[in-house]
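The structure appears right after this line, and notes come after that.
Numbering of residues begins at 1 and proceeds along the displayed sequence.
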Amino acid sequence: MAPLTIAEITEENLDAAVALKLAPGQERFVAPVVASIAQAYVTPTAWPRVVLDGDDVVGFIMGNFDPGNELEAFRAGIWRLNVAGTAQGRGVGRFAIEALEVEARRRGVARITVLWEEGEGGPDGFYRRLGFEPTGEVLFGEILAAKDVPPEPDPAATRRDPVSRVVVQDAVLAHPVTVTRIETRRISIEPNVAAGLHVHNGPVVGSIERGSAIYQVEGGEPRVLRAGDVFYEPQGARVSRFDGGRDGVTFLGHFPVTAEDEPTIEFPEA
């Protein structure tokens, strides 16, 4: 499927537009394209357009922009929407309505309307999903619904920076030292294996790569670390638990050390 585009009716796409066929049973809910084009020919305020998938006509929409109409329901909105049966379920109808909303914003229109006939297989659910709400009024035996035209998207609000930086941990060292190197180790603990009470001679920061672990500094509350979580073991702290979870755990431990030291771990008996 090529990117959808919206286009005016031309000599090149007219025949394909007229030949557009709905899904079986939908003909009772919307006039054929040929009738809409004929109506647009004698209605200067009409806005007929085709939806193209590459060069193929897959949809047709006719809006109307008549701000001076005595009926508010007919000042701006959708008159017809036809989507080829073979193209339904691919976002063609939504695209067509979004294109009409773009035109409405260009004209300074803040609210659009649509009429639909109730019945099994009708467009009630489709229009409601797109934000059209019945006004409670019935015109010519059809439900009148309206929708506020959404504002133009703010590019600054939707733009994503190619690089993001998020602070996930800010550990304050209890015993600041002059660090000359940082040794990083990848450590794995088998499922349900307890590392035991231990103490490091320097601070340790790390992050879980795979699996999970139960982590607890003596006197504190245990917490579960999962993939992506970070942890900090202060220098000299008695870490009572760093136990492999149900699937074991693999993590990176970063050990900042001075020029004279090597990272060590001790296992006190109690």
Side-chain angles (χ1 to χ4, degrees), residues 1-69 71 73-109 111-132 139-147 149-150:
M1 181 175 175
L4 298 175
T5 56
I6 197 86
E8 296 183 11
I9 304 291
T10 65
E11 184 178 355
E12 288 73 23
N13 61 39
L14 176 61
D15 289 343
V18 170
L20 188 146
K21 294 187 180 299
L22 304 171
Q26 293 179 341
E27 298 86 353
R28 57 169 287 205
F29 296 105
V30 60
V33 173
V34 65
S36 296
I37 293 176
Q39 187 176 7
Y41 180 77
V42 296
T43 308
T45 57
W47 187 82
R49 296 292 188 272
V50 290
V51 178
L52 300 176
D53 178 3
D55 294 328
D56 297 329
V57 175
V58 293
F60 171 86
I61 187 168
M62 187 164 79
N64 182 56
F65 296 100
D66 183 10
N69 198 297
L71 292 178
F74 295 143
R75 291 173 188 168
I78 302 165
W79 275 7
R80 305 278 160 66
L81 178 62
N82 306 63
V83 177
T86 55
Q88 293 184 13
R90 291 160 45 186
V92 174
R94 177 184 293 271
F95 176 83
I97 291 176
E98 289 175 350
L100 185 139
E101 290 174 352
V102 169
E103 178 65 16
R105 278 196 298 270
R106 188 185 72 81
R107 295 170 180 251
V109 173
R111 188 173 173 85
I112 57 176
T113 59
V114 67
L115 290 164
W116 70 70
E117 181 182 342
E118 289 187 294
E120 184 177 354
D124 181 283
F126 168 76
Y127 284 119
R128 287 177 184 267
R129 287 192 297 273
L130 292 186
F132 287 91
L139 292 177
F140 313 113
E142 296 184 327
I143 301 295
L144 174 65
K147 175 186 179 181
V149 177

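Residues Ile61 and Ile6 have side chains in contact (heavy-atom distance under 4.5 Å, counting atoms from C-beta outward). In this structure, Leu52 and Val57 have side chains that are in contact, with non-hydrogen atoms separated by less than 4.5 Å. Contact annotation: the side chain of Val50 approaches that of Ile9 to within less than 4.5 Å [non-hydrogen atoms, C-beta and beyond].
Using modelled atom types, one side-chain atom of Asn82 and one backbone atom of Ala31 make a donor-acceptor pair closer than 3.5 Å. A donor-acceptor contact shorter than 3.5 Å links the side chain of Arg105 to the backbone of Pro150.
Ring geometry, Trp116 versus Tyr127: the interplanar angle falls under 30°, so the pair is classed parallel (tilted spans 30 to 60°). Classified by interplanar angle (parallel below 30°, tilted 30° to 60°, perpendicular above 60°), the ring pair Phe65/Trp47 is perpendicular.
Looking at every heavy atom in both residues, Ala46 comes nearest to Asn64 through N-OD1, 3.6 Å. Taking both residues in full, the closest heavy atoms of Arg80 and Ala35 are given as NH1-C, 4.5 Å, listed atom of the first, atom of the second, then distance. In this structure, Ala40 and Met62 approach most closely via the heavy-atom pair CB-SD, 3.6 Å. Leu100 and Gly63 make their closest contact through CD1-CA, 3.6 Å (heavy atoms, listed as atom of the first residue, atom of the second, distance). Closest non-hydrogen pair, Leu139 versus Ala73, comes out as CD1-CB, 3.8 Å. Across every non-hydrogen atom of Gly121 and Gln26, the tightest pair is O-CG, 4.5 Å.
Sorted by first and then second residue, the salt bridge (charged side-chain N to carboxylate O under 4.0 Å, His left out) pairs involving residues 23-49 (not counting sequence neighbours) are Glu8-Arg49, Arg28-Glu117.
The distance from atom OG1 of Thr113 to atom CZ of Phe74, rounded to the nearest 0.5 Å, is 7.5 Å. To the nearest 0.5 angstrom, Glu103 atom CD is 11.5 Å from Ile112 atom CD1. Residue Gln88 holds its CD atom at 7.0 Å from CG of Leu22, rounded to the nearest 0.5 Å. Annotation: the span from Phe132 atom CZ to Ile97 atom CD1 amounts to 5.0 Å, rounded to 0.5 Å. A distance of 12.5 Å separates CZ in Arg94 from CG in Leu4, rounded to the nearest 0.5 Å. Taking CD of Glu118 as the reference point, atom CZ of Phe29 lies at 9.5 Å (rounded to 0.5 Å).
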Steps toward side chain to side chain contact (heavy atoms under 4.5 Å, CB included) verdict (Thr45, Asn69): CA-CA 10 Å; Thr45 57; Asn69 198 297; over 6 Å; no
